[in-house]
**Q** 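A single structure is presented below for examination.
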Amino acid sequence: MKILTRPEEMVLLAVWKLKGNAYGVTLAEQLTEMTGQKWVLGAVYVPLERLEKKGYLKSYLSNPTKERGGRSKRMYDLTKSGLKALIDIKTLEEQMWNEISKVSLESEL
């Protein structure tokens with residue numbers, strides 16, 4: 001299993017949540033909503049490119065839209081490998097956290 005970075009994991013999750021409407025702006029908005037921290041487009045496109053090179057995402061150009069002056073958007077979808085990577089990282093994190101409770105962590109404060 002290849003380990004995802006945290007930004008890669010969050011980008012894959014955001015693409016999955018947006019189901020067919022994942023492009024730079026919507027991904028930045030989704031990630032900002034998910035994390036409570038502002039995501040700029042540059043912080044979105046770097047992991048998008050890495051994930052596409054790894055085969056976890058595929059991209060395509062949408063039909064041109066009037067509101068963008070006739071320009072297309074680069075849309076992203078998960079591949080089966082991307083979905084498997086999400087399942088693997090969730091399983092790994094659950095195994096790592098399995099015997100650690102929030103209470104035991106807070107008692108260390």
**Q** What's in the same ILVMFWY side-chain cluster as Trp97, cut-off under 4.5 Å, chained through other members?
**A** Ile100, Leu105

**Q** Rounded to the nearest 0.5 Å, how far does OG1 of Thr5 lie from CD1 of Ile89?
**A** 9.0 Å

**Q** Holding to salt bridge (charged side-chain N to carboxylate O under 4.0 Å, His left out), I want the full list of residues that pass it with Glu8, two or more places apart in sequence or in another chain.
**A** Arg50, Lys54

**Q** What are the two closest heavy atoms between Val44 and Leu31, and how far apart are they?
**A** CG2-CD1, 3.9 Å

**Q** Tell me, please, which residues at least two apart from Glu106 pass salt bridge (charged side-chain N to carboxylate O under 4.0 Å, His left out).
**A** Lys102

**Q** Residues in side-chain contact (heavy atoms from CB on, under 4.5 Å) with Ser107, at least two apart?
**A** none

**Q** Once side chain to side chain donor-acceptor pair (under 3.5 Å) is applied, what residue pairs with a partner in residues 38-47 remain, sequence neighbours excluded?
**A** Thr35-Trp39

**Q** Sub-3.5 Å donor-acceptor pair from the side chain of Ser62 to the main-chain atoms of Lys73, do we have one?
**A** yes

**Q** Show which residues join Val46 in its hydrophobic cluster (side-chain heavy-atom contacts under 4.5 Å, direct or indirect), or state none.
**A** none

**Q** Does Thr32 reach the side chain of Gln37, with side-chain heavy atoms less than 4.5 Å apart?
**A** no

**Q** What pair of heavy atoms forms the shortest contact from Leu4 to Ala85, and how long is it?
**A** CD1-O, 4.1 Å

**Q** Near Lys19 NZ, under 6.0 Å, is it more than 12 heavy atoms from other residues, nucleotides or ligands?
**A** yes

**Q** Let me confirm one number: the OH-CG distance from Tyr76 to Leu48, rounded to the nearest 0.5 Å.
**A** 5.0 Å

**Q** Report the residues that fulfil side-chain contact (heavy atoms from CB on, under 4.5 Å) with Leu78, sequence neighbours left out, ordered by chain and then residue number.
**A** Leu12, Val15, Trp16, Leu57, Leu83, Leu86

**Q** Could you state whether Val40 and Leu18 fall into the same hydrophobic cluster, counting links through intermediate Ile, Leu, Val, Met, Phe, Trp or Tyr residues with side-chain heavy atoms under 4.5 angstrom apart?
**A** no

**Q** Quick one: are Met75 and Tyr60 in side-chain contact, heavy atoms under 4.5 Å?
**A** yes

**Q** Can you sort out the partners of Glu52 under side-chain hydrogen bond (donor to acceptor under 3.5 Å, both in side chains), two or more places apart, ordered by chain and number?
**A** Ser59

**Q** Grab the two heavy atoms, one from Pro64 and one from Ser72, that are nearest each other, plus how far apart they are.
**A** N-OG, 3.7 Å

**Q** List for me each residue that meets salt bridge (charged side-chain N to carboxylate O under 4.0 Å, His left out) alongside Glu94, sequence neighbours excluded, and say none if there are none.
**A** Lys90

**Q** Residues in salt bridge (charged side-chain N to carboxylate O under 4.0 Å, His left out) with Glu93, at least two apart?
**A** Arg6

**Q** Sequence neighbours left out, what passes side-chain contact (heavy atoms from CB on, under 4.5 Å) with Lys58? Give chain and number order.
**A** Asp77, Thr79

**Q** Kindly indicate whether the side chain of Ile3, heavy atoms from C-beta on, has any atom under 4.5 Å from the side chain of Leu92.
**A** yes

**Q** Under 4.5 Å between side-chain heavy atoms, hopping through other hydrophobics if needed: is there a path connecting Met34 to Leu41?
**A** yes

**Q** Kindly give the cluster partners of Leu109, where membership spreads through any ILVMFWY side chain lying under 4.5 Å from a current member.
**A** none

